[in-house]
Amino acid sequence: MAQRVLVVEDEEDIAFPLVRTLEREGYDVSWVDSGERALADLNGVAADVVILDLGLPDMDGLEVCRRARESGFGGAIMICTTRAAELDRVVGLDYGADDYLAKPFGLAELQARVRALLRRTNTGFAQVAAEDPNGLRIDVAARRVYAGQQEVPLTGKEFEVLNILASHRDKVVSRGRLMADVWDENWYGSTKTLDVTIGRLRQKLESVGVTDKVVAVRGVGFRLEAGQVEAGA
């Protein structure tokens, strides 16, 4: 079955070339021109990648991104926008985006980024599952994370960071390794995006009572280690 891409763009002269290019690549492509239509589409049919413009007529694309993640959408979201400042990139990633492409962009670059997102989203890493004694369970094949029986909703980047840290439990994974494995070679943004992702990941794990901790090792990277369980717990 062809992988599905949803293009959310209100300007036809931008949307049509995108749709045609992606269809020639063999993707099943849908196009909508507003935020509400995008959210309705995602509620009805699963998508592997969403290419999301921020300047939509009915709502900001960041709001679309946030609401999609809150409703449980686990596919990749790539923001395409004229807002190219570093702060805008960090804010977009903080809202749950996986990649950020500034306009104007070349179609070849967009195709490469879509392929990279699909590789990371659908392939995962070479392990069947990682499980810890505190109830944290990573189903790599399904790209889902559980704390006991409760699923922890993670974005694609959050999942990949946790998956790498879990596969090297109690060992330090360098910032460079995480950036290289989670963000592809086309990423030229700030490494602060890694800190943003780590911060969100920590908050989500703590909110469901996971005792494992993502610990920062200053100047080196991060380590996933077992936390302390309170006596009598």
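The shown structure was predicted, so the numbers you read here are calculated from the model rather than taken from an experiment.
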Does [X] pair with [Y] as a salt bridge, N-O distance under 4.0 Å?
X    : Y    : answer
E70  : R67  : no
E225 : R169 : no
D33  : R37  : yes
D195 : R175 : yes
K103 : D53  : yes
R69  : D98  : yes

Donor-acceptor pair, side chain of [X] and main chain of [Y], under 3.5 angstrom:
X    : Y    : value
R202 : V214 : yes
D58  : G35  : yes
E9   : E11  : yes
Q203 : R200 : no
N163 : F159 : no
W31  : V19  : no
T21  : L18  : no
K204 : P153 : yes

Can you run down the ring pair (Phe, Tyr, Trp, His ring centres under 6.0 Å) pairs that involve residues 50-77, sequence neighbours left out, and say none if there aren't any?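 Passing the test, one end in residues 50-77: no pairs.
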Nearest 0.5 Å, please: how far is CD in E160 from CG in L201?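 CD of E160 is found 12.0 Å from CG of L201.
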Does NZ or CZ of R137 come closer than 6.0 Å to the centre of the six-membered ring of Y146, within 45° of the ring's axis?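 Judged by the rule (NZ or CZ under 6.0 Å from the ring centre, within 45° of its axis), R137 counts as positioned above Y146.
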Give the minimum heavy-atom separation between [X] and [Y], together with the two atoms involved.
X    : Y    : answer
L56  : G61  : CD1-CA, 4.3 Å
L6   : A47  : CB-CB, 4.4 Å
V8   : S34  : CG1-O, 4.0 Å
A166 : I138 : CB-CD1, 3.5 Å
I79  : A97  : CD1-CB, 3.6 Å

Report whether F105 and V7 are members of the same hydrophobic cluster (ILVMFWY, side-chain heavy atoms less than 4.5 Å apart, transitive linking).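 Yes.
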Using side-chain contact (heavy atoms from CB on, under 4.5 Å) as the criterion, point out the one residue from L107, V29, D28 that pairs with L22.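 That would be V29.
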S30 versus R4, side-chain donor and acceptor atoms under 3.5 Å: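 Their side chains do contain a donor-acceptor pair, which is all the 3.5 Å distance test asks for.
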